[in-house]
Protein chains: 2
Amino acid sequence: MARWDPGAQERLTTAALDLYLEHGYENVTVADIAERAGLTRRSFFRYFPDKREVLFAGSERLPAVLREAVLGADPAAPPLAAVLDACDRLGTQLTEALGHDHVARRRAVIDSSAELQERERTKSAAVSAALDEALRERGTDPATATLVAQVASVAIGQAFRRWSESADASFTDGLHAVLDTLRAALADGDGRPPRA
Amino acid sequence: MARWDPGAQERLTTAALDLYLEHGYENVTVADIAERAGLTRRSFFRYFPDKREVLFAGSERLPAVLREAVLGADPAAPPLAAVLDACDRLGTQLTEALGHDHVARRRAVIDSSAELQERERTKSAAVSAALDEALRERGTDPATATLVAQVASVAIGQAFRRWSESADASFTDGLHAVLDTLRAALADGDGRPPRA
DNA sequence: TCCGTGATGACACTGTGTGTCATCACGGAC
DNA sequence: GTCCGTGATGACACACAGTGTCATCACGGA
């Protein structure tokens, strides 16, 4: 079992999630996680750069995937439409690959630790940066690209959270619902005519 | 000079900023900062909870101030208008109290460290949470409140960065410009009629 | 003058994250 | 079948963040 162990990383993630849920994130040491996974503390840091990252395994691929999806959208589509099109095509596929149970357990741990929420925001920022870059490559002017990317990242986060909390609505539907809400708030929101 | 030293906290912040700029955030230890400020490593942690927070001194008051400003806005105003009104009244006052030089130096340090960017996003999230809470107290429905708060937080961040990079435009003007951009992107952005 | 209070220094300790080296299993070369 | 390169791991050792605890010292008031 010691040598040739392709499941070591997965064992670390499950061990970490279990221990975090059982004793609380701050009361679990890296040595605890490694021990339950049958590894050494030093080896933990060969799979993950730090104690927080173990909860976000795989998330490093999302920015690149989203970037490609946006670049693959209709070149004539306006920025937000391109992002939404990319989310429509990837959203269900991504959410289905995760599983509600695992997501819910992760959610509970993250919501209990400021440190983990900080890291989660970093992941969201990485998504935003990827969208930003993809939009610029499509020719969107930089200011609009950055803004649309950040707002889309907020909407994605909101929709994802709604999906994870109640499994009845699809991620894509939630995303469009969030944007409808935003549209309404923006339309009557600043006391100035919509077409200034 | 040792006893009765009201300027200890400020000495720590300036020492930290100087050292971070001179040697890079990661190459500066808390002991270095404390020494330059004429204090002990242990005393540093009596003024700041950690090494990052020293760059954000005073920011803990912003959420409460914004909250009060939103609650003080016209009760009949729609959510986003209330937030913008609050920002209009506070924005210039806040930016003037900071000073371009200090903000620019801080910006350079933060942009050079992922750890500090993470903390900055946490500060932004605190602003968003305060806006969210204030809007709910005004009677805004929770979904709209959270969304408007997060989007406003993004807009504030964008406007603040623009202001800090070029001193020619006011913070308030930048904020409205950002929202105009967003309005335009949202209007033609999803390929669906604005009034679905 | 004495004492309570609050800020500080000194010290010890846990835990994260990193560098370095020895070791061991595996697969391929011969 | 034996030998060797490679890669993953364990075993230290270390710097540093952050925390608890206690002694000390200056200050202001009784």
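Just so it is clear: chains get the letters A, B, ... in the order the sequence lines come, proteins before strands, and each one is counted from 1. Quantities reported herein were computed from a predicted structural model and do not represent experimental measurements.
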For atom [atom1] of [X] and atom [atom2] of [N], their distance in whole Å:
X: A:F48; N: D:dT9; atom1: CZ; atom2: P; result: 12 Å
X: A:E115; N: C:dG17; atom1: CD; atom2: P; result: 8 Å
X: A:Y47; N: C:dT18; atom1: OH; atom2: C1'; result: 18 Å
X: B:L39; N: C:dA7; atom1: CG; atom2: P; result: 13 Å
X: A:E53; N: C:dG17; atom1: CD; atom2: C1'; result: 14 Å
X: A:R11; N: D:dT9; atom1: CZ; atom2: C1'; result: 12 Å
X: B:N27; N: D:dA17; atom1: CG; atom2: C1'; result: 15 Å

Legend entry - Nucleotide opposite D:dT24 in a Watson-Crick or G-U pair, distances under 3.5 Å: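 C:dA7 - that is the nucleotide pairing with D:dT24, both distances being under 3.5 Å.
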
Inset, instruction - Could you please name the partner base of C:dG28, counting Watson-Crick and G-U wobble pairs only when both distances are under 3.5 Å? - result: D:dC3

Inset, instruction - Quickly, which of A:R121, A:K51, A:E26, A:R52 forms a side chain to side chain contact (heavy atoms under 4.5 Å, CB included) with A:L116? Name it, please. - result: A:R52

Inset, instruction - Sugar-phosphate atoms are those with a prime plus P, OP1 and OP2; base atoms are the rest. Using that split, label each nucleotide of nucleotides 10-16 of chain C B, S or - for protein heavy atoms under 4.0 Å, 5' to 3'. - result: B----SB

Inset, instruction - Kindly assign one of parallel, tilted or perpendicular to the pair B:Y20 and B:Y25, based on the angle between their ring planes and the thresholds 30° and 60°. - result: perpendicular

Inset, instruction - Measure up the B:F160 and B:F171 rings against each other and bin them: parallel (under 30°), tilted (30 to 60°), perpendicular (over 60°). - result: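 Answer is perpendicular, since the angle exceeds 60°.
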
Legend entry - Donor on one side chain, acceptor on other, B:T122 and A:E118, under 3.5 Å: yes

Inset, instruction - Would you kindly say whether A:R136 and A:T146 are connected by a side-chain donor-acceptor distance under 3.5 Å? - result: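 On atom types as modelled, these side chains qualify, holding a pair under 3.5 Å.
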
Inset, instruction - Output the distance between atom CD (B:E22) and atom CG (B:D32), rounded to the nearest 0.5 Å. - result: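 So the CD of B:E22 and the CG of B:D32 are separated by 10.5 Å.
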
Inset, instruction - Please determine if a side-chain N or O atom of A:S43 lies less than 4.0 Å away from the OP1 or OP2 oxygen of D:dG10. - result: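 Yes, because at least one side-chain N or O of A:S43 sits under 4.0 Å from OP1 or OP2 of D:dG10.
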
